[in-house]
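Structure record follows, encoded as structure tokens.
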Amino acid sequence: MTSEAQTAPPAGTIGRLRTVVKGAIFRNAGLRGYILLSPTLLVLLGAMCLPVGILAVYSLWTQSGVEIDHTLTLANYLKIFNKPSYMLLIGKSVLISLTVTLATVLLAYPIAYFIAFKIKRHKIVWLILITIPFVTSYLLRVFAWKIILGYNGIINSGLKWLGVIDQPLTFLLHNPTAVVITLAHAWAPIAILPIFVSLEKMDRSLLEAATDLGDSPLQRFLRVTLPLSIPGVVAAAMLVFIPTVGDYITPQLVGGPDGMMVGSLMHAMFFRANDWPLGSALAIVSALAITVTSLGVWFLTKQARERAV
Amino acid sequence: MEKNELMDRLAAGTLSRRNMLKGLSALGIGVTMTPYFHGRANAAGQATYFTWEGYEVPELHGDYIKKHGGSPEVSIFADEGEALQKMIAGYTPDVAHPCSYNVNLWREAGVLQPIDTSRLSNWGDLVGSLKVIPGTQHEGKQFFVPFDWGNTSILYRTDLVDIKEESWGLMWDERYKGRLATFSGANETVPYTAVYAGLDPWNMSDADLAKVRALLEKQRPLIRFYADDVSSIEQGLASGEIVAGSTWNSSNVLLKGEGVPVKFMNPKEGIMTWVCGLVMHKDAPNPDAAYDLIDAMLSPEAGKFMIVDYGYGHSNTKSFDLAGDEAIETAGLSRDVEAFLKAGVFSNEFKNRDAVLKMFEEVKAGL
């Protein structure tokens, strides 16, 4: 605030306007909040709402060749809902992602637990070590798995050298399992961090109390630690589940024909088959499927927690 | 800390551990960021060349390097459809590398400009018939400079595959389930499927399309992977993960050179032939450099490299004299380009391109 404004209210229309605006800002806490938030809100509007809106509009158009027909129609949605295989593909993608989420959370939990409870000093070093895989390119991590699981890959040549097999195992790569393994590894740090945070902020005296009251370590974990860390687990699950459903590069590289996910088809519609509208409709339908699944998971955990309490 | 200071102090042994780590991390950031700045700094002078994997090697634009002191900026595409979408979305390379059957579509999409052939010193030496491929000229203007030609066929491991006669049917042979690979692009995989079914790939009725679709659906469970690039097919064949895959001439030359027992098939239903070439983007930022690049790639020296090292044909007649008859024969090519292209099924534009592309994407996704 300027010193001029403090000493005497300026005369004239502009001066009055200034006083009114300032008054409004001072009196109205809500308005102050929105002004403070405005950079974030603008970014959200520009980077989230606008693209989603464009996507929604595109999904109501149709395309032939490079020409887009701007007549609004539900044809794309009808196509998706009338052909069961589209929904099956989306269902398969959701299933693969749920498996990925389960695997990631199960693998991430012990690591987060270890850092939260067993590491006393230099926790930050451990956390940085865990996020290091994230520094390398996503594509490199996928390729690393290709090398590990490949026909002449590390696992196959290792087993061959040991004399366990004489023909390379072919079920390792180019199938949905390979997609699950690759994604579970790639998203591990994203799952570890929220679980770690929820474990870290837990009140340790609760654990002592449980022990004093005669709980065994396992009972203590199941009755105190686990329920208190559920918010972190749910957050981790959402952070992994939501982005992996639409992934297309991992299925493309390690999935083979059966590992294809809906992201691959969306990519194909946009970049190969020249059908942006159908691609947009697919994107919106799978976003809805993700939302419904996420809400379902959230609801189930909520129910489970309430029953436990 | 200055770079030289870092080195001096390192040498003198007066660098504290903390300073050294600081210096190293600065170096790390510098190294990681270099590619980004490098690209931008160069963009002003050098042409940008948007092409398939393998065409960016300096041997193919020697004259350009002599004139501009370096190679053009290169970005790679694996599928012409993706390349077009990228350009429609605003990417502006100077020179791109589609095949003849896509030029019409690209021109209609408004990403091409006509090429002034008088600015190409090698234009007069090019094979006449390649200059007038249908769809590559419009209203008397040239939109396409032919560069390379060759085949699409099956490359198979002679030690792992046992066939009585060479046929596209190998791609449907149940004995090799899970050990076959094909291109993920409809432009590659759909035509040979139609040829195998005895149809004209470029003029398919809806009924024909349904037949092709049925065949592709039958093929899907036999396929180990749909390949986005030739290297994955080459690696698969070399390791024995796959025993046969659809590919181009260069894979044959490459794998034979590595001593892998492979044969490039001449199927009884007909081998696929194609011509690809160079086009200029409508808003090419460096048109002068673009003409230099195109001309350099048309030179007999570049052509010799194409024939000898890659096994592809080249559009310049002089390239064949330079390569010699032995190399031409080894590569399975011919001086009579027209006869060579007519001996197979020449790659053209699909009559109902949209339906074909969408059909294949649906088959791949298992719809």
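Heavy atoms only: backbone and side chains are in, while hydrogens, waters and symmetry mates are out. Remember, it's a predicted structure, so these values are computed and weren't measured experimentally.
Note on B:G240, B:A109, B:G366, B:A83: by heavy-atom pairs under 4.5 Å with chain A, the leading option is B:G240. Considering only heavy-atom pairs separated by less than 4.5 Å from chain B, the leading option among A:N274, A:L88, A:L89 is A:N274. In terms of heavy-atom pairs under 4.5 angstrom with chain B, the leader among A:L253, A:N152, A:N175 is A:N152. Contact count against chain A (heavy-atom pairs under 4.5 Å) is highest for B:R224 among B:M359, B:R224, B:Q235, B:R353. Ranked by heavy-atom pairs shorter than 4.5 Å toward chain A, the options B:A181, B:A186, B:G178, B:S184 are led by B:S184. Among A:M260, A:H174, A:E67, A:K92, the residue making the largest number of heavy-atom pairs under 4.5 Å with chain B is A:H174.
Heavy-atom distances place both the backbone and the side chain of A:L173 under 4.5 Å from chain B. Neither the backbone nor the side chain of A:M261 comes within less than 4.5 Å of any heavy atom in chain B. At a 4.5 Å heavy-atom cutoff, the contact between A:P257 and chain B is made by backbone and side-chain atoms alike. Interface remark: A:D275 contributes side-chain atoms only to the contact with chain B (heavy atom separation under 4.5 Å). Both the backbone and the side chain of A:T170 come within contact range of chain B, with heavy atoms under 4.5 Å apart. Proximity to chain B involves both the backbone and the side chain of A:D258, based on heavy atoms less than 4.5 angstrom apart.
A 6.0 Å sphere centred on CH2 of A:W126 holds no more than 12 heavy atoms belonging to other residues, nucleotides or ligands. Counting heavy atoms of neighbouring residues, nucleotides and ligands inside a 6.0 Å radius, atom NZ of A:K123 exceeds 12 of them.
Considering all non-hydrogen atoms of both residues, B:R179 and A:Y151 come closest at NH2-OH, 3.3 Å.
In this structure, A:K83 pairs ionically with B:E362, as a charged nitrogen and a carboxylate oxygen lie closer than 4.0 Å.
Put simply, the side chain of B:D79 does not reach to within 4.5 Å of the side chain of A:F271, judged on heavy atoms.
Side-chain contact annotation: B:D354 with A:Q63, donor-acceptor N/O pair under 3.5 Å absent.
The backbone N or O of B:E82 sits nowhere less than 3.5 Å from a side-chain atom of A:R272 that would complete a donor-acceptor pair.
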